[in-house]
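Read the structure below first, then the notes.
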Amino acid sequence: MNLKEQIHSAVAQSFEELGVSASPPIVKQAQKREFGHYQVNGVMGAAKSAKLNPRELATKVTERLNLPIVNKLEVAGPGFVNIHLAPYAIEQQLMQLGDDVPVPSPEPRHFAVDYSAPNLMKEMHIGHLRTNAIGDAIVHVLEAVGHQVTRVNHVGDWGAQFGSLLAYLDQLDNTEISTELKDLEVFYQSASKLFKTDHEFAERARGYVVRLQGGDAQCVALWRQFIEESIKHCQDVYERLNISLARADIHAESAYNDDLPVVVAELEQQGLLEESDGAMCVFLEEFTGKDGKPLPAIVRKSDGGYPYMATDLAAVRYRAGKLRADTVLYVVGAPQQLHLKQVFAVATAAGYLTDQEFRHLPFGSILKNDGKPFKTRDGAEVKLIDVINEAVTRAYQLVREKNPSLTEEEHRSIAEIVGVGAIKYAELSKNRGTDYIFDWDILLSFEGNTAPYLQYAYTRIQSVLKKAGVEPTDLRGQITLAEPDELDLGVKLLQFSEAIEDALEDYQMNVLCNYLFELSGQFMSFYEHCPILKQSDPEIQHSRLRLASITANVLQLGLGCLGIKTVDRM
RNA sequence: CCGCCCGUAGCUCAGCUGGAUAGAGCACCAGGCUUCGAACCUGGGUGUCGGGAGUUCGAAUCUCUCCGGGCGGGCCA
């Protein structure tokens with residue numbers, strides 16, 4: 001049980017004894033130092049519904065509170081209970097940790113997390129950073145607390161647009177193909193330009209779509225070659241970004257091709273289908289457009305083709321039925337909200353979804369400095385690989401300047417980790433729901449609330465531990481929290497578990513980022529004010545080394561959850 | 001027109017299951033390296049929480065309304 005749970009349960013028991021257990025205790029970390037470590041906000045609400053004087057009830061609660069970890073309790077303001085923790089209790093709980101980092105242990109479930117999902121027609125751009133960084137972090141946190149997680153990369157490898165690509169590919173010879181595919185964006189643009197300007201080419205492109213969908217062998221072979229190349233590009237980017245998606249995690253759109261007619265047939269059997277202008281649609285009452293007219297979910301187009309509604313339904317069917325996931329999380333942009341709502345609603349109506357939890361975790365779009373959205377067609381998009389390279393270059397220059405004694409090889413490997421960490425953290429540290437401004441200087445900042453700040457705290461600890469000549473396993477003695485900075489750090493360390501819980505509450509990774517930033521700040525303050533190696537009292541020195549060591553463990557695990565590596569020197 | 005999202009310090013953002021005097025980072029100013037790594041620390045001020053109304057002991061947070069911006073809305077994904 002973490003600190004909050006310990007307090008919560010004690011307060012809940014007092015509430016019960018006082019006959020006000022109908023109201024929740026509402027225990028929170030105190031907002032200000034002067035209010036102690038935790039505060040109980042639930043007394044006022046409880047007093048209100050029981051028609052009691054809030055301050056009197058608060059006093060009664062404090063009198064009954066059976067909580068040995070508490071040093072001081074006080075009733076404040078209109079009826080808050082402020083809780084100051086006892087240093088020895090923090091010391092005890094820290095010492096019990098050993099080398100473990102405290103994480104919550106919920107009932108294990110099977111999660112599937114759908115993220116990344118690049119369209120193989122286009123090279124990944126800056127916008128893909130969000131789904132990759134956020135999705136991968138969620139996966140890591142879920143695994144860290146003991147859930148079973150299936151990564152799902154629903155890559156877009158199918159559809160009418162592939163016609164022009166194939167037509168274009170077909171007129172190249174093999175060596176040209178491999179060189180042309182090095183820059184997918186240009187490749188795609190050349191093809192679509194031809195499609196627009198060359199009528200004969202456009203005709204041929206349409207023919208390729210039909211042949212591809214019909215399973216024409218030569219066409220399929222060409223398609224495979226393109227997909228293969230394109231996936232290689234993606235995997236390279238994942239590796240560069242330290243994203244844990246493997247090829248085996250790819251479950252592409254085309255994998256559902258055979259299921260599409262089945263899905264339509266099943267919808268038909270359930271009487272959900274209706275024809276409208278030649279298209280097969282599902283009309284659900286909850287979705288209405290203007291004038292209250294129902295909005296169709298088109299599952300088969302009038303030309304017989306299947307739109308992505310069908311594919312996504314097939315995916316739901318698979319994930320709930322065959323994959324048997326308890327919870328499926330879609331880390332997909334906010335613009336798809338209505339679409340996914342429809343998908344889940346139709347899937348529920350069709351009986352594909354019963355008691356599984358399917359959730360869309362939307363994230364905002366990238367905006368330019370002026371607050372206007374990036375256009376998708378005008379070439380304003382920044383390639384993801386370019387952002388990575390820029391970040392690593394800046395980190396390289398910085399690390400070389402700050403730490404010239406390292407070797408060239410060290411400079412390079414550190415720059416890779418620091419640069420990549422910085423851009424991922426920039427995404428993760430923001431509330432995922434809102435739009436964000438794309439700004440090189442913010443994205444690539446190495447100061448303040450950034451990944452390099454956290455990594456820097458980690459290297460300082462490693463440096464101290466190394467100079468002290470101790471291994472973490474040597475540190476088994478007494479922890480003493482005498483100084484305010486020591487106590488604050490100790491409490492903060494124990495709160496890692498609460499941060500993970502809160503982050504998982506609504507899958508907000510910025511909650512974890514905030515915690516790690518505060519932890520690092522607390523460590524920096526401790527580091528400045530509580531000398532370790534210069535400390536003459538060996539017991540105090542040992543205690544501080546141990547605090548530092550635990551901090552390093554928490555930082556490493558926390559950053560690891562965010563998909564960010566640590567370095568011993570930087 | 002309908003639906004969803006957003007509007008918090010000069011900038012980028014936290015805080016949103018209602019709680020105390022609304023917080024960080026950047027930028028700016030002043031201190032701190034012969035002393036465990038200055039990518040750091042200490043101190044300094046900044047707000048009509050878009051406007052208005054309502055709910056109540058208490059609203060940035062919940063409700064309504066208006067203004068401003070974004071996104072989505074039958075055969076692209």
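Per chain, numbering begins at 1; letters A, B, ... match sequence-line order. Source: prediction; values computed, not measured.
Screening A:T131, A:I134, A:N510 for a side-chain contact (heavy atoms from CB on, under 4.5 Å) involving A:R432 leaves a single residue, A:I134. Here the rule is side-chain contact (heavy atoms from CB on, under 4.5 Å) with A:V75, and of A:T62, A:V61, A:V40 only A:T62 fits it.
Between A:R460 and B:A38 there is a side-chain N or O to OP1 or OP2 distance below 4.0 Å. Considering only side-chain N and O atoms, A:T459 lies nowhere under 4.0 angstrom from the phosphate OP1 or OP2 of B:C40. In this structure, A:K301 reaches the B:C76 phosphate: one of its side-chain N or O atoms is under 4.0 Å from OP1 or OP2. In terms of phosphate contacts, A:S525 brings a side-chain nitrogen or oxygen within less than 4.0 Å of OP1 or OP2 of B:U42. Put simply, A:S445 has no side-chain N or O that comes within less than 4.0 Å of OP1 or OP2 on B:C26. The side chain of A:Q336 contributes no N or O atom lying less than 4.0 Å from OP1 or OP2 of B:G72. Using a 4.0 Å cut-off, some side-chain N or O of A:K467 falls inside it from OP1 or OP2 of B:G37. Here A:Y453 reaches the OP1 or OP2 of B:C41: one of its side-chain N or O atoms lies under 4.0 Å away. Using a 4.0 Å cut-off, no side-chain N or O of A:N119 falls inside it from OP1 or OP2 of B:C76. Between A:K402 and B:A38, a side-chain N or O to OP1/OP2 separation shorter than 4.0 Å is absent.
Distance from the side chain of A:Q337 is smallest to B:C4 among B:G37, B:C4, B:G15. Looking at the side chain of A:L338, the nearest of the listed nucleotides B:G73, B:A39, B:U42 is B:G73. Distances from the side chain of A:E253 to the nucleotides B:C57, B:A77, B:A14 place B:A77 closest. Distances were taken from every side-chain heavy atom of A:K32 (C-beta onward) to each of B:G74, B:C41, B:G23; the shortest belongs to B:G23. When the nucleotides B:G37, B:G25, B:A20 are ranked by their closest atom to the side chain of A:N449, B:G25 comes out on top. Among B:U56, B:A39, B:C41, the nucleotide with an atom closest to any side-chain atom of A:E528 is B:C41. Between B:U21, B:G37, B:A20, one nucleotide has an atom nearer to the side chain of A:E34 than all others, and that is B:U21. With distances taken from any side-chain atom of A:N41 to the nucleotides B:G19, B:G72, B:A77, the minimum falls on B:G19. Here B:A77 is the nucleotide among B:U21, B:C75, B:A77 with the atom lying nearest to any side-chain atom of A:Y308. Of the candidate nucleotides B:G37, B:G74, B:G19, B:G74 has the atom lying nearest to any side-chain atom of A:S276.
Pair assignment for B:C13 gives B:G23, based on Watson-Crick or G-U wobble hydrogen-bonding distances that are each under 3.5 Å. Base pairing analysis places B:C76 opposite nothing; no Watson-Crick or G-U wobble pair with both distances below 3.5 Å involves it. Across all strands shown, B:C4 forms a Watson-Crick or G-U wobble pair with B:G70, both key distances being under 3.5 Å. When both pairing distances are held under 3.5 Å, B:C62 makes a Watson-Crick or G-U pair with B:G54. With a 3.5 Å ceiling on both atom-pair distances, the Watson-Crick or G-U wobble partner of B:A30 is B:U42.
At a threshold of 4.0 angstrom between heavy atoms, the contacts of A:N53 with the nucleic acid are absent. Within 4.0 Å (heavy atoms only), A:A279 reaches at least one base atom of the nucleic acid. Within 4.0 Å (heavy atoms only), A:N82 reaches at least one base atom of the nucleic acid. Nucleic acid contact for A:A468: none, since no nucleic acid atom lies under 4.0 Å from a heavy atom of the residue. Among the heavy atoms of the strands lying under 4.0 Å from A:D277 is at least one base atom, whether or not backbone atoms are also near. Using a 4.0 Å heavy-atom criterion, one finds that A:P335 contacts the sugar-phosphate atoms exclusively. No engagement by A:K341 is indicated, since no non-hydrogen atom pair under 4.0 Å with the nucleic acid exists.
For A:Y425 and A:N449, the side-chain atoms include at least one donor-acceptor pair closer than 3.5 Å. A donor-acceptor contact closer than 3.5 angstrom is absent between the side chains of A:E253 and A:Y308.
Along RNA chain B, the nucleotide nearest A:S429 and the nucleotide nearest A:R569 are compared for position; the residue whose nucleotide lies closer to the 5' end is A:S429. Nearer to the 5' terminus of RNA chain B, by closest-nucleotide assignment, is the contact made by A:R432 (compared with the other of A:T311 and A:R432).
Contacts between residues 529-544 of chain A and RNA chain B, counted as heavy-atom distances below 4.0 Å, involve A:H529, A:C530, A:P531, A:I532, A:L533, A:K534. Remark: A:L398, A:V399 in residues 392-400 of chain A come within less than 4.0 Å of RNA chain B through at least one heavy atom.
You won't find any donor-acceptor pair under 3.5 Å spanning the side chain of A:N403 and the base of B:A39, going by distance alone. Counting atom types as modelled, A:S302 pairs a side-chain N or O with a base atom of B:C75 as donor and acceptor under 3.5 Å.
Distance A:H154 NE2 to B:A77 C1': 10 Å, rounded to the nearest Å. For the pair A:K430 NZ and B:C26 C1', the computed distance is 12 Å after rounding to whole Å. For A:H360 and B:G72, the NE2 to P distance is 13 Å, given to the nearest whole Å. In this structure, CD1 of A:I298 is placed 11 Å from P of B:G73, rounded to the nearest angstrom. What separates OH of A:Y256 from P of B:A77 is a distance of 16 Å, to the nearest Å.
One distance of note links OH of A:Y330 with CG of A:L340; it measures 7.0 Å at 0.5 Å rounding.
By the stacking rule of 5.5 Å between ring centres and under 30° between planes, A:F35 stacks on the base of B:A20. Residue A:F80 and nucleotide B:G19 are not classified as a stacked aromatic pair, given the requirement of ring centres less than 5.5 Å apart at an interplanar angle below 30°.
On the C1' atoms, B:C57 is 38 Å away from B:G43, given to the nearest whole Å.
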Quiz item: Hey, mind stepping through A:E498 and A:Y515 against side-chain hydrogen bond (donor to acceptor under 3.5 Å, both in side chains) and telling me if it holds?
Solution: CA-CA 9 Å; A:E498 292 169 36; A:Y515 167 81; over 6 Å; no

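Checking side-chain atoms of A:D435 against main-chain N and O of A:I366 turns up no donor-acceptor pair under 3.5 Å.
Ion pairing between A:K466 and A:D568 fails under the 4.0 Å rule for side-chain N and carboxylate O.
In the displayed structure, A:E471 atom CD is contacted under 6.0 Å by at most 12 heavy atoms of other residues, nucleotides or ligands. No more than 12 heavy atoms of other residues, nucleotides or ligands lie within 6.0 Å of NZ in A:K565, so this atom counts as exposed by the packing criterion. More than 12 heavy atoms of other shown residues, nucleotides or ligands fall within 6.0 angstrom of atom CD in A:E34. Within 6.0 Å of CD in A:E539 there are 12 or fewer heavy atoms belonging to other residues, nucleotides or ligands.
In textbook terms, a nucleotide whose glycosidic angle is within 90° of 0 is syn, and B:G74 is one such case.
Between A:Y453 and A:Y456, the gap from one ring centroid to the other reaches at least 6.0 Å.
For A:R55, there are no side-chain hydrogen bond (donor to acceptor under 3.5 Å, both in side chains) partners at least two apart in sequence or on another chain.
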